[in-house]
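Read the numbers this way: they start at 1 and go in the same order the structure lists the ligands and their atoms.
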Amino acid sequence: DFMHEAMGLSVLERQLKEKLQLNAIMVVPGNSDSHDWVKQEMGKACVTYLKKRIKSAQTVAVTGGTTMAAVAEMMVPLDDGADCLFIPARGGIGEKEENQANTIVAKMARKARGDYRLLYVPDPLSETAYQTIIKEPAVNETLQRVKSASVVLHGIGDAMTMARRRKTPEDVTAQLKENHAVSEAFGYYFDGNGNVVHKVRTIGIQLDDLDSVDQVITVAGGHSKANAIASYFNKGKRDMLITDEAAAEEILKM
Ligand code: BG6
């Protein structure tokens, strides 16, 4: 629209789309590091996009985080997405309740008038617990649905910020530093070139599963996440990025 044009956001969008080799992009004004309403604007943009794309009875897998929580906050009934199912993309992460994928999918489903499933699985998970838990029929049923998701909504985090937030053990944190971890998504940590340097073991979507997902929608913004976003998109699946002006400008300086 006119405002968009006037603020030069469409120019930013064109340049960033080119730089990150994305299929589609949306840049909202402002910096979500300093204003929560900017995160909500990204959430609104995500909902608008989802509303246009979603078809009846599709499964939407969602990660945790404050950005996804903002998407849930802005969710509206999805006309063509009647009977859609919201499901956590991965096992629960030791985060604040309001930022966990389980909480977020329940809220999204309520507002979208869809359904949801929960995945109450600790993260990280020991190898033995992992082997046992995936055999549980209830967990397995949910996992099959996660694997057949046609839409994935996810955030990206700054690697060290996420390591701190997850109360990552010191030896793992040291290893992340040594391997120059820059970004985090889906419990995977990536270096500046987008190579995986660490992975939190849990059930749910694995990176390779994204190849067969129809629409992967990434929502991440803020000046502080510029490096993380650029790092993730060196290799990460790129359908749609919703970000903010501050992150976009910073990435274009690189
Ligand atoms: C976490 C996700 O819950 O949120 C991560 O598991 C993601 O994959 C992170 O990177 C992003 O959090 P926020 O609060 O910056 O949106």
Side-chain angles (χ1 to χ4, degrees), residues 28 30-47 60-74 86-108 118-125 146 149 152-168 176 181-191 194 196-207 209-210 213 216-233 235-237 241-244 246-247 250:
V28 307
N31 178 8
S32 52
D33 284 342
S34 35
H35 298 287
D36 274 345
W37 60 262
V38 179
K39 219 172 252 184
Q40 279 167 5
E41 283 302 310
M42 288 196 291
K44 200 196 271 175
C46 179
V47 169
V60 183
V62 186
T63 69
T66 57
T67 314
M68 283 302 123
V71 176
E73 192 66 47
M74 305 312 284
F86 293 87
I87 200 163
R90 309 249 301 165
I93 280 170
E95 285 213 56
K96 279 191 192 158
E97 194 261 339
E98 65 268 32
N99 298 333
Q100 284 178 18
N102 279 320
T103 314
I104 292 169
V105 293
K107 186 168 188 177
M108 280 185 180
L118 302 177
L119 259 180
Y120 278 112
V121 178
D123 177 355
L125 202 56
V146 174
V152 170
L153 299 181
H154 78 100
I156 299 175
D158 169 75
M160 286 309 148
T161 307
M162 287 313 296
R164 232 174 294 123
R165 224 161 84 177
R166 288 172 175 163
K167 304 187 174 58
T168 306
L176 287 173
V182 176
S183 61
E184 183 282 340
F186 303 103
Y188 290 79
Y189 288 82
F190 309 87
D191 67 13
V196 175
V197 293
H198 178 71
K199 177 190 166 189
V200 182
R201 188 196 294 113
T202 187
I203 61 169
I205 282 193
Q206 310 297 317
L207 222 45
D209 297 332
L210 293 179
V213 175
V216 179
I217 306 173
T218 311
V219 192
H223 186 274
S224 66
K225 277 193 193 177
N227 282 324
I229 296 167
S231 140
Y232 174 77
F233 280 116
K235 299 241 164 81
K237 186 157 195 279
L241 168 67
I242 294 160
T243 189
D244 63 19
E250 197 57 26

Please list, in number order, the atoms of ligand 1 under 4.0 Å from a heavy atom of [X].
X	value
G157	10 (O)
F186	8 (O)
A185	8 (O)
E184	5 (C), 7 (C), 8 (O), 10 (O)
R166	2 (C), 5 (C), 6 (O), 8 (O)

E73 and K107: CA distance, side-chain angles, deciding distance, salt bridge (Lys or Arg N to Asp or Glu O under 4.0 Å) verdict: CA-CA 8 Å; E73 192 66 47; K107 186 168 188 177; 2.7 Å; yes

Any N/O of G187 closer than 3.5 Å to an N/O of ligand 1? no

So, is T67 polar-close to ligand 1, with some N/O to N/O distance under 3.5 Å? yes

Keeping the roles fixed (side chain from [X], backbone from [Y]), state whether a donor-acceptor pair exists under 3.5 Å.
X	Y	value
T63	H154	no
K225	I156	yes
T202	R90	no
K235	F190	no

For V200 and Y189, run side-chain contact (heavy atoms from CB on, under 4.5 Å): C-alpha distance rounded to whole Å, both residues' side-chain angles, the deciding distance at 0.1 Å, then the answer. CA-CA 8 Å; V200 182; Y189 288 82; 4.0 Å; yes

Would [X] count as a contact residue for ligand 1, given that I'm defining contact as a non-hydrogen atom of the residue lying under 4.0 Å from a ligand atom?
X	result
K96	no
R165	yes
R90	no

Run the ring pair (Phe, Tyr, Trp, His ring centres under 6.0 Å) test against H223 and tell me which residues pass, sequence neighbours left out. none

May I ask you to identify, for K225, whether its side chain, its backbone, both or neither come under 4.0 Å of ligand 1 on a heavy-atom basis? side chain

Is it the side chain (CB and beyond), the backbone, both or neither of T161 that lies under 4.0 Å from ligand 1, heavy atoms counted? neither

Walk me through whether N31 and V38 qualify under side-chain contact (heavy atoms from CB on, under 4.5 Å). CA-CA 6 Å; N31 178 8; V38 179; 5.7 Å; no

